[in-house]
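Heads up, the thing below is written out as structure tokens.
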Amino acid sequence: MTANMHAFANGAELAGKLADKVTEALSAAIAARGSASIAVSGGSTPKAFFQVLSSRSIDWGKVTITLVDERFVPADNPRSNHLLVQENLLRDKAAAAKFLPLYQAVASVEEAAAIATEKTKVVSQPFDVAILGMGNDGHTASFFPGGSNLLTALDPKTPRGIITMEAEGAGEPRLTFTFSSLQDARLLVLHIEGEGKKDVLAKAEAPGEETEMPIRAVLRRAASPVEIYWAP
């Protein structure tokens, strides 16, 4: 599948243009069906974008927000994606949106994955918008090279929902939507920043195994072209 590259002079310009695109997609979904859904990534990269998007005039009360992946840590942990979204996206006008976290305060990550799968079934599939990031090792969501459930996560026959992932570079155990849950999003975005990420992307677009650089699965097998938003 061919990807569309959108390059910007800086992160601030990217944040504004990506917020424009997401606003358009969510508003169109609300107009068509009366509701909209968006799954977002964590890490430091989307922070500015979240802040811009939070102030956009969308009928946020009809929007459900969730995460593409999460660490198995409480919501107040500094490494929590939940905390990132809470502080940067669920504010201003977007405070009216419904948020479905993946972390659950239970004994095991496996139990948390099962509960999160049930809770997120209220979101109509496919997602209207899914925004992914990419690590220097070519991981996306929590699809890590060498991950404990990587083959299951990338298998298109794996049911939609959340599974667990553990890997050497992941730190805490992870909760992640499966590839089957993300690949058919109506708008699928890869948001990356930094000159180094351009080099990683070039490597991912070259021949090679998906298990070596899991972002390849998204670039090759997404149902529609991936919209890549990049800034140095």
Side-chain angles (χ1 to χ4, degrees), residues 35 37-47 50 63-91 94-127 129-185 210-211 213-215 217-218:
S35 64
S37 59
I38 176 172
V40 298
S41 59
S44 59
T45 300
K47 186 175 180 179
F50 286 167
V63 176
T64 298
I65 300 171
T66 191
L67 292 156
V68 299
D69 69 323
E70 178 61 284
R71 296 173 176 86
F72 188 55
V73 296
D76 59 355
N77 186 296
R79 288 173 56 78
S80 165
N81 290 339
H82 181 151
L83 184 64
L84 176 79
V85 169
Q86 183 175 304
E87 293 183 341
N88 296 283
L89 180 53
L90 296 173
R91 63 181 211 174
K98 180 179 181 179
F99 179 59
L100 296 177
L102 301 189
Y103 172 78
Q104 312 294 322
V106 292
S108 71
V109 67
E110 290 80 12
E111 186 179 357
I115 295 171
T117 293
E118 288 302 312
K119 288 186 174 181
T120 54
K121 282 181 179 178
V122 300
V123 180
S124 60
Q125 296 281 338
F127 286 115
V129 180
I131 303 180
L132 300 172
M134 180 182 71
N136 290 327
D137 59 355
H139 86 265
T140 190
S142 281
F143 307 154
F144 284 88
S148 56
N149 283 325
L150 181 61
L151 292 178
T152 302
L154 296 182
D155 188 341
K157 296 179 182 178
T158 297
R160 295 179 186 270
I162 293 95
I163 64 172
T164 66
M165 190 71 67
E166 295 187 40
E168 185 176 340
E172 303 88 348
R174 302 289 187 107
L175 298 153
T176 187
F177 270 101
T178 59
F179 175 77
S180 63
S181 305
L182 303 170
Q183 59 87 26
D184 59 353
E210 292 179 357
T211 51
M213 299 187 76
I215 187 62
V218 177

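Everything numeric here is computed off the predicted structure, so don't read it as measured data. All residue numbers in this chain count up from 1 along the given sequence. Computation of the quantities below employed the complete heavy-atom set of this structure, encompassing side-chain atoms and omitting hydrogens, waters and symmetry-equivalent molecules.
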*asked:* Quick one, T64 and L100 - any side-chain contact, counting heavy atoms below 4.5 Å?
replied: yes

_Return the CD1 to CZ distance between I163 and R160, rounded to the nearest 0.5 Å._
14.5 Å

*Hey, is the main chain of R79 close enough, under 3.5 Å, to the side chain of R71 for a donor-acceptor pair?*
yes

*So how far is it from F99 CZ to L89 CG, rounded to the nearest 0.5 Å?*
8.5 Å

*Side-chain heavy atoms of I131 within contact of I38, under 4.5 Å*: yes

*Heavy-atom donor-acceptor pair, Q104 side chain to A113 backbone, under 3.5 Å*: no

*Is the closest side-chain heavy-atom distance between S44 and K47 below 4.5 Å?*
no

*asked:* Is it the case that the ring center of F144 lies less than 6.0 angstrom away from the ring center of H139?
replied: yes

*Is a side-chain donor or acceptor of N77 paired with a backbone partner of V73 at a separation under 3.5 angstrom?*
no

*Side-chain contact, heavy-atom cut-off 4.5 Å: T178 with I162?*
no

*Note, S41 side chain near L132 side chain (heavy atom, < 4.5 Å)*: no

*When rounded to the nearest 0.5 angstrom, what distance separates OG in S35 from NZ in K98?*
10.5 Å

*Measuring from I215:CD1 to E210:CD, what's the distance to the nearest 0.5 Å?*
10.5 Å

*Would you mind reporting whether S181 and T120 have side-chain heavy atoms less than 4.5 Å apart?*
no

*For T158, does its backbone N or O pair with a side-chain atom of S180 as donor and acceptor, under 3.5 Å?*
yes

_Salt bridge check, R174 against E166: does any charged N sit closer than 4.0 Å to a carboxylate O?_
no

*asked:* Any side-chain to backbone donor/acceptor pair from S80 onto D76? Under 3.5 Å, distance only.
replied: no

*For the residue pair A167 and P145, what are the closest heavy atoms and their distance?*
CB-O, 4.4 Å

*Work out which heavy atom in P214 is nearest to a heavy atom in L150; give both atom names and the distance.*
CG-CD1, 4.0 Å

*Would S142 and D69 count as having a side-chain donor-acceptor pair, cut-off 3.5 Å?*
yes

_Would you compute the distance between atom CD of E110 and atom CD1 of I115 and round it to the nearest 0.5 angstrom?_
12.0 Å

*For the residue pair L102 and T66, establish whether any side-chain heavy-atom pair is separated by less than 4.5 Å.*
yes

*Between CE of M213 and OG1 of T140, what distance do you get to the nearest 0.5 Å?*
11.0 Å

_Pairs satisfying ring-ring contact (aromatic ring centres under 6.0 Å, His included), at least one member in residues 162-181, at least two apart_ = F127-F177

*Check the pair V218, L182 against side chain to side chain contact (heavy atoms under 4.5 Å, CB included), reporting the backbone distance first and the verdict last.*
CA-CA 9 Å; V218 177; L182 303 170; over 6 Å; no

*Counting N and O atoms only, with roles assigned by atom type, does the side chain of T164 sit under 3.5 Å from a partner on the main chain of L175, one being a donor and the other an acceptor?*
no

*Side chain to side chain, L83 and N81, heavy atoms closer than 4.5 Å*: no

_Where P74 and Y103 come nearest, the two heavy atoms and their spacing_ = CA-CE2, 3.6 Å

